[in-house]
Visitor: 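Here it is, the structure, as C-alpha cells.
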Amino acid sequence: MNHFLDKFDKRIRTFWDGSGETEKKRLLDDILQYANSNSQTFKNDITEIRFDKDLQPLPIILEALSKDTSNWGQLYVD
C-alpha cells in the first residue's frame, strides 16, 4: 500500500491541467507537510513510484521539497 498515492494521486494528476495557482501551492505545501511528518514512509513511497509512467509526480515532489532543503537536500543527491 502506497500512502502517498492514496493521499495525493488525484491532485497530482490534475496539477498540470486544471489546477489554479492556489490549488497548486496548496498541493506543494501538503506534500511537504506529509514528507516532514512521515519521512520514512514518504521515502519508501516515492521510491516505489519514481518511475511510474502513468503518474509523473517526481517534478512536483521535488518542487515541494525544495522549500525545505535543510531537511530534504540529501534526497536530491540520493
Side-chain angles (χ1 to χ4, degrees):
M1 174 179 251
N2 190 307
H3 298 286
F4 182 83
L5 286 181
D6 289 345
K7 187 169 181 82
F8 296 108
D9 179 54
K10 184 177 179 182
R11 292 171 66 194
I12 287 173
R13 289 184 188 280
T14 61
F15 185 84
W16 300 112
D17 357 304
S19 296
E21 290 303 313
T22 302
E23 186 58 34
K24 288 178 181 179
K25 182 180 180 331
R26 187 176 302 130
L27 174 59
L28 295 173
D29 291 343
D30 290 348
I31 290 172
L32 181 59
Q33 181 181 9
Y34 176 83
N36 285 334
S37 66
N38 305 293
S39 63
Q40 192 55 52
T41 300
F42 174 75
K43 288 176 187 177
N44 292 340
D45 287 349
I46 64 166
T47 300
E48 290 177 15
I49 61 171
R50 187 172 299 175
F51 299 107
D52 183 337
K53 292 180 183 177
D54 295 328
L55 178 65
Q56 304 264 340
L58 193 56
I60 298 167
I61 292 168
L62 293 177
E63 184 175 344
L65 299 181
S66 71
K67 297 178 182 191
D68 187 6
T69 56
S70 62
N71 285 324
W72 295 101
Q74 186 61 42
L75 184 74
Y76 287 88
V77 176
D78 294 344

Visitor: Yes or no on side chain to side chain contact (heavy atoms under 4.5 Å, CB included) for T22 and K25, after CA distance, side-chain angles and deciding distance?
Guide: CA-CA 5 Å; T22 302; K25 182 180 180 331; 5.9 Å; no
Visitor: Sort out for me which residue in W72, F8, F4 forms a side-chain contact (heavy atoms from CB on, under 4.5 Å) with I61.
Guide: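 Exactly one candidate clears the test, F4.
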Visitor: Regarding N44 and E48, do their side chains bring together a donor and an acceptor under 3.5 Å, going by distance alone?
Guide: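 Per modelled atom types, N44 and E48 side chains form no pair under 3.5 Å.
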Visitor: Assess whether atom NZ of K24 is packed by more than 12 heavy atoms of other residues, nucleotides or ligands within 6.0 Å.
Guide: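 Result for NZ/K24: enclosed.
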Visitor: Any side-chain heavy-atom pair from I12 and L27 closer than 4.5 angstrom?
Guide: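 Result yes, sub-4.5 Å side-chain heavy-atom pair found.
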Visitor: Is the closest side-chain heavy-atom distance between L75 and I46 below 4.5 Å?
Guide: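 Sidechains of I46 and L75: in contact.
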Visitor: Strictly distance-based, threshold 3.5 Å: is any side-chain N or O of N2 a donor or acceptor partner for the main-chain N or O of D45?
Guide: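 Yes; at least one donor-acceptor contact below 3.5 Å.
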Visitor: Could you tell me the separation between the NZ atom of K7 and the CG atom of N38, rounded to the nearest 0.5 Å?
Guide: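 Going from the NZ atom of K7 to the CG atom of N38 covers 8.5 Å.
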Visitor: If you count every heavy atom of other residues, nucleotides or ligands that lies below 6.0 Å from K67 atom NZ, does the total exceed 12?
Guide: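 Atom NZ in K67 is packed in, count exceeds 12.
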Visitor: Would the distance check show the side chain of S39 and the main-chain N or O of N36 forming a donor-acceptor pair, the cut-off being under 3.5 Å?
Guide: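 Answer holds: no.
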Visitor: Applying side-chain hydrogen bond (donor to acceptor under 3.5 Å, both in side chains), run through N71 and T69 and close with a yes or a no.
Guide: CA-CA 5 Å; N71 285 324; T69 56; over 6 Å; no
Visitor: What residues, two or more places apart in sequence or in another chain, satisfy salt bridge (charged side-chain N to carboxylate O under 4.0 Å, His left out) together with E23?
Guide: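 With sequence neighbours excluded, E23 shows a salt bridge (charged side-chain N to carboxylate O under 4.0 Å, His left out) to R11, R26, given in chain and number order.
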Visitor: Taking atom CD of Q74 and atom CG of L65, what is their separation to the nearest 0.5 Å?
Guide: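 Output value for this atom pair is 13.0 Å.
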Visitor: Any idea which heavy atoms bring L28 and A64 closest together, and the distance?
Guide: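 Answer, listing the atom of L28 first, then A64: O-CB, 3.3 Å.
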